[in-house]
Amino acid sequence: MNMRLTFRTVGATNEVFKRLCCLRRWTHFVTEDKYNELAKQSLNCITAFFLATCAEHEGKTIIWERFPKIAIYRAFQKTYVYFDTPEFILKDICRVGKIEADIFDQTTRQIIAEQTDDAFADFICEGIGTYEAQIYKAATKLATFIELLENERKMNGDFIHKYHEIIETLKEYEDIPMVKELSTNPEHHMFKVIQHLSQLRNQNRWAVNVYNMECSVLGHLFDTAVFAYYMSLEQDMENEKLATRMFFMGIFHDVAESWTKDIPSPIKDRVKGFRKATEEYENKMIKEHMYDVLPQYVSDTLKKVMFEEDGNQEFHALIKGADYLSADSECWRQYKAGSRDEYFRNATLRRKNRIEAGKEVLTPACRELFEYFVCLLYTSPSPRDTERSR
């Protein structure tokens with residue numbers, strides 16, 4: 001493989017996270033931070049995982065290594081090409097102007113190359129036009145359907161029209177196993193699980209701090225997944241299979257919080273035995289609300305990427321490194337958005353001490369991104385520094 005991850009690529013991806021976090025959805029009738037494209041990308045990936053598992057069970061050949069590439073490609077495309085304009089409108093405009101149908105794929109590839117490099121653009125575009133890309137597109141429509149149902153009461157009479165529009169679109173993907181079942185039966189156990197996980201968009205990760213950007217637990221899953229994927233590739237660029245597993249471990253690493261909420265680490269560590277009890281309770285909730293209600297073959301596949309499973313403990317350091325790098329990225333976003341709360345500054349600086357002590361691991365390109373955060377936050381005076389200088 002000729003592709004090599006660099007700080008330029010990781011930094012460009014971090015910029016995409018920020019843009020996804022800012023880019024709101026459903027803007028024709030509402031403007032809410034929690035309905036942003038970052039959260040949507042996480043829900044897309046969760047849904048795609050379930051659809052791909054069902055397709056594989058039905059005998060379809062699934063190349064799992066394509067999914068992280070498709071997701072990252074989609075993230076760049078959303079923030080640099082599509083924005084919040086529906087794709088069908090863009091296609092209609094192209095028909096009017098007699099513009100070639102694949103122009104947006106061409107443009108996306110060009111922009112990715114400009115923001116990163118040609119080798120990364122070639123690597124990340126490998127999933128275009130594949131069966132896995134069709135699964136992912138179906139997943140995006142199902143995720144949109146779930147968001148639609150959540151917003152029914154806000155739509156002022158437009159719900160029925162939009163409902164039928166999405167259902168018609170989903171019919172294009174009914175050859176993919178489980179799509180028809182989920183789109184026609186919202187009471188389906190798998191649909192209910194995805195619906196429940198969608199509620200992670202309601203949980204803000206910095207609720208007691210002076211934040212200016214909404215960073216939900218749901219959106220955080222996508223950050224962590226991509227950072228875990230990059231770190232795994234840096235460790236072994238030839239092992240895409242493992243990197244893909246790390247990607248989905250990142251996607252699912254905090255889903256238990258949909259039942260427990262986001263309990264801050266300082267409290268878990270302060271109360272003796274509470275962290276262990278929390279982990280046991282999370283395992284209980286996952287078993288009760290996911291493993292026991294999903295088909296056995298789905299549960300078995302899911303366990304391979306669940307952080308809580310004993311067989312996945314060897315990946316603890318990598319996933320936690322990606323998890324904390326996502327938190328650093330969120331602190332950077334708060335800084336960019338103008339928050340002067342020193343908590344965001346200090347959280348990243350405290351992590352520097354843990355990394356230098358060897359307690360946490362970051363691979364080279366991701367470490368460069370972290371050092372960029374530290375440099376930016378450290379050289380920016382805190383409110384207390386400013387006060388003392390007067």
Side-chain angles (χ1 to χ4, degrees), residues 1-23 36-38 41-42 68-81 83 107-125 205 212-213 215 219-235 237 243 246-247 250 318-339 344-345 347-349 351-352 355-356 360-380:
M1 185 188 299
N2 295 324
M3 196 274 290
R4 183 177 68 87
L5 278 170
T6 64
F7 169 68
R8 179 180 172 83
T9 296
V10 177
T13 306
N14 179 66
E15 175 67 19
V16 167
F17 294 154
K18 185 199 74 179
R19 294 167 71 96
L20 288 170
C21 201
C22 294
L23 185 57
N36 63 47
E37 281 295 339
L38 187 61
Q41 300 314 307
S42 295
K69 301 174 187 179
I70 292 166
I72 295 168
Y73 173 88
R74 178 78 175 182
F76 272 90
Q77 189 172 59
K78 268 293 178 181
T79 60
Y80 285 105
V81 180
F83 299 97
T107 304
T108 302
R109 197 265 175 216
Q110 291 168 1
I111 290 173
I112 293 174
E114 289 168 5
Q115 297 296 319
T116 60
D117 56 49
D118 284 324
F120 180 78
D122 290 341
F123 176 76
I124 222 67
C125 291
R205 280 170 44 81
N212 287 338
M213 288 190 72
C215 296
H220 163 68
L221 300 181
F222 189 69
D223 294 5
T224 304
V226 176
F227 283 140
Y229 180 66
Y230 283 173
M231 289 173 65
S232 185
L233 285 177
E234 280 201 273
Q235 289 180 340
M237 197 64 73
M246 295 304 97
F247 177 85
L318 187 143
I319 297 300
K320 291 309 292 183
D323 186 13
Y324 290 133
L325 188 58
S326 170
D328 297 326
S329 176
E330 290 173 343
C331 291
W332 169 78
R333 283 172 234 167
Q334 301 299 347
Y335 163 81
K336 295 283 282 186
S339 175
F344 298 115
R345 177 176 183 262
T348 299
L349 296 181
R351 176 156 141 76
K352 181 176 176 64
I355 292 172
E356 291 178 346
E360 295 175 15
V361 178
L362 284 176
T363 49
C366 290
R367 176 66 183 264
E368 282 191 71
L369 179 66
F370 172 74
E371 293 295 346
Y372 163 74
F373 294 148
V374 170
C375 181
L376 191 69
L377 294 169
Y378 187 74
T379 56
S380 301

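Computed over heavy atoms, backbone and side chain alike; hydrogens, waters and symmetry mates excluded.
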Phe227 ring center near Phe17 ring center (under 6.0 Å): yes

What's the shortest heavy-atom distance between Thr224 and Gly250, and which atoms? CG2-CA, 4.1 Å

Is there side-chain contact between Thr9 and Thr6, with heavy atoms separated by less than 4.5 Å? yes

Step-by-step side chain to side chain contact (heavy atoms under 4.5 Å, CB included) determination, Ile72 to Tyr230: CA-CA 11 Å; Ile72 295 168; Tyr230 283 173; 3.9 Å; yes

Mind listing the closest non-hydrogen atom pair of Ala12 and Thr116 along with its distance? CB-CG2, 3.9 Å

Salt-bridged, Lys18 to Asp223, with N to O below 4.0 Å? no

Show, in sequence, the C-alpha distance, side-chain angles and deciding distance for Lys352 and Glu371, and conclude whether the salt bridge (Lys or Arg N to Asp or Glu O under 4.0 Å) test is met. CA-CA 8 Å; Lys352 181 176 176 64; Glu371 293 295 346; 3.3 Å; yes

Heavy-atom side-chain contact between Thr363 and Gln235 under 4.5 Å: yes

Correct closest heavy-atom pair for Leu325 and Cys366 would be CD2-CB, 3.8 Å

Decide whether a cation-pi geometry holds between Arg351 and Phe370; the criteria are a distance under 6.0 Å from NZ or CZ to the six-membered ring centre and an angle within 45° of the ring axis. yes

Do Val226 and Phe247 come within less than 4.5 Å of each other through their side chains, counting heavy atoms only? yes

Take Met231 and Met246 through the test side chain to side chain contact (heavy atoms under 4.5 Å, CB included) and record every step on the way to the result. CA-CA 9 Å; Met231 289 173 65; Met246 295 304 97; over 6 Å; no

Looking at side-chain heavy atoms only, is the closest gap between Asp122 and Met3 below 4.5 Å? no

Check whether any side-chain N or O of Glu37 sits under 3.5 Å from a backbone N or O of Thr79 as a donor-acceptor pair, and report yes or no. no

Shortest non-hydrogen contact from Ala365 toward Val10: CB-CG2, 3.9 Å

Inter-residue atom distance Arg74.CZ - Ile124.CD1, 0.5 Å rounding: 15.0 Å

Residue pair Asn14, Ser329: steps toward the side-chain hydrogen bond (donor to acceptor under 3.5 Å, both in side chains) verdict: CA-CA 7 Å; Asn14 179 66; Ser329 176; 2.5 Å; yes

Residues Asp328, Arg333; criterion salt bridge (Lys or Arg N to Asp or Glu O under 4.0 Å); working and verdict: CA-CA 9 Å; Asp328 297 326; Arg333 283 172 234 167; over 6 Å; no

Using the rule given for side chain to side chain contact (heavy atoms under 4.5 Å, CB included), can you reason through Phe222 versus Leu20, listing the C-alpha separation, both sets of side-chain angles and the distance that settles it, and then say yes or no? CA-CA 10 Å; Phe222 189 69; Leu20 288 170; 4.2 Å; yes

Could you tell me if the side chain of Leu318 sits less than 4.5 Å from the side chain of Ser232, heavy atoms only? yes

Centre of Phe76's six-membered ring, under 6.0 Å away, within 45 degrees of the axis: is that where NZ or CZ of Lys78 sits? no

List the atom of Thr108, the atom of Gln77, and the distance in Å for their closest heavy-atom pair. OG1-NE2, 3.0 Å

Phe373 and Trp332 aromatic ring geometry - parallel, tilted or perpendicular at 30°/60° bounds: tilted

Can you confirm whether Leu362 sits close enough to Ile355 that some side-chain heavy atom of one is under 4.5 Å from a side-chain heavy atom of the other? yes

Determine whether Phe120 and Arg4 make a side-chain contact, defined as any pair of heavy atoms from C-beta on separated by less than 4.5 Å. no

Looking only at heavy atoms, which two atoms of Gln41 and Ala71 are closest? And how far apart? OE1-O, 4.5 Å

Value rounded to 0.5 Å, distance of OG in Ser326 from NE2 in His220: 4.5 Å

Apply the test side chain to side chain contact (heavy atoms under 4.5 Å, CB included) to residues Tyr372 and Glu368: give CA-CA distance (whole Å), side-chain angles for both, the deciding distance (0.1 Å), then the verdict. CA-CA 6 Å; Tyr372 163 74; Glu368 282 191 71; over 6 Å; no

Pairwise side-chain contact, Cys22 with Met213, heavy-atom cut-off 4.5 Å (strictly under): yes

Phe344 backbone acceptor or donor facing Gln334 side chain under 3.5 Å: no

Nearest 0.5 Å, what's the CD-CZ distance between Glu114 and Arg109? 10.0 Å

